[in-house]
Amino acid sequence: MSARNILVINCGSSSIKFALVNEAQTTFPLQGLAERLGSPEAVLHWQFGDTKESLSLPGTSHQSVLSKILPLAQEAAGGHLDGIGHRVVHGGEHFTASHLVDADVLAGIRANAHLAPLHNPAHLVGIEAAMELFPSLPQVSVFDTAFHQSMPPHAYRYAVPEFLYTEHGVRRYGFHGTSHRYVSKRAAEMVGVPVENSSWLSAHLGNGCSTCAIVNGESRDTSMGLTPLEGLAMGTRSGDVDPNLHSHLARTLGWSIEQIDRTLNHDSGLKGLSGLSNDMRTLYEAHMAGHPGATLAFEVFCYRLAKSLAGMACALPKLDGLIFTGGIGENSAAVRERTLEHMKLFGFQLDAEANARCTRGVGGEIQAAGSPRILVVPTNEERQIALDTLALLDA
Ligand code: AMP
């Protein structure tokens, strides 16, 4: 059988990210992004091999841009596209694993739309458009939340009245599950321990950031909650604040719920603290040049990360290693170093040379002799979505 091709689609409210994954190739034969959909500036960018192209598509809809992406994918796959894998943010308690899309799965994604009002409706548009354009291709939905459905109640329940959980679904769901699952499996392979008898702390540090405790291939706790706002300080999200901050801002400043949501989700985190940028590269350069806001943002980010990882350790029976992933986790030796300086009781010691070497897609172990393992593991959510799609095709 020749190597199979899966198109992976991440359909957002005004953008579609896509990649063609070939099971035998480490790089993507085709990848791209359609952004600002529905606006006069809508544009489709893609890279096919070494060739980069862009097409302006003013006012175009999700459906019509997908009708352009699918033939590109067919061509890049040499006419042999085997399936489509869709990233879906919120599966609620309905979905504990990836699923072949059918009417029940579509209804389940719709039923969870109130938990991810910006994301799930956009995913449905993408899935339904792809099903219409390619009715004979199997489609699979892969949920960011599914991996965390193995958390025990003491990790996922909030200490609020029970009916808010039983009648309204108020609980910790967690996100970035596809990434935490992928990197913990990779880490086990890299160090040669069986994943079904392994324990990891994982830090996914991108523009969104979360930590996870993973035991025997299952999530036991994670820092994001009902929504992706909870937990670490992130690019533009505040992460944890006093829950009374909402009523305080409403009472003292007269802010609306929308204004509070916007501030905590889009104007906080690294961006809010530094007054400069949500981008860790920019902030680190500014920090080194003496910008006080950038220094504060860097310090808060690393301390909060260390504190969250230390808390996650409560869910582990042993520690096989600490994993750094995501744009910051994979690239910033300085964030890794500063974070571990706050975790002295764990005995982590970095090998400075190995830490500096792990950047731009280079992964590996970065601890000094005698230290618990510390690993940089490049994440690959697209590949994990393709692997799930292939596994369901085979089943
Ligand atoms: P992601 O959402 O995973 O693409 O990660 C985005 C974040 O990774 C941004 O904050 C970037 O500044 C950060 N990042 C990417 N490359 C580097 C780097 N070389 N050093 C520090 N941060 C980086």
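First listed ligand is number 1; within each ligand, the first listed atom is number 1.
For the pair I328 and ligand 1, a heavy-atom separation below 4.0 Å is found.
Nearest-residue assignment for atom 15 (C) of ligand 1 (options A333, S179, G327; heavy-atom criterion): G327. When the options H204, E285, R360, M280 are ranked by their closest heavy atom to atom 9 (C) of ligand 1, first place goes to M280. When T325, T379, D279, N331 are checked for heavy-atom proximity to atom 19 (N) of ligand 1, N331 turns out nearest.
For R171 and Y156, the positive end sits near the middle of the six-membered ring, less than 6.0 Å away and at most 45° from its axis. For the pair R304 and F301, the NZ or CZ position fails the cation-pi test of under 6.0 Å to the six-membered ring centre and within 45 degrees of the ring normal.
R281 CG, 3.5 Å is the protein heavy atom nearest to atom 20 (N) of ligand 1. Looking at atom 2 (O) of ligand 1, its nearest protein heavy atom turns out to be N207 N, 2.9 Å. Considering only non-hydrogen protein atoms, atom 1 (P) of ligand 1 sits nearest to G206 CA, 3.7 Å.
Note on ring orientation: taking the six-membered ring where Trp is involved, the planes of Y284 and F298 are tilted (angle from 30° to 60°).
Counting only distance, with no hydrogens or angles, the side chain of E337 and the backbone of A333 share no donor-acceptor pair below 3.5 Å.
Between H176 and F147, the distance from one ring center to the other does not fall under 6.0 angstrom.
For the pair R172 and E230, the salt-bridge criterion is met [side-chain N within less than 4.0 Å of a carboxylate O].
Those atoms of ligand 1 with a heavy atom of S332 less than 4.0 angstrom away are 21 (C).
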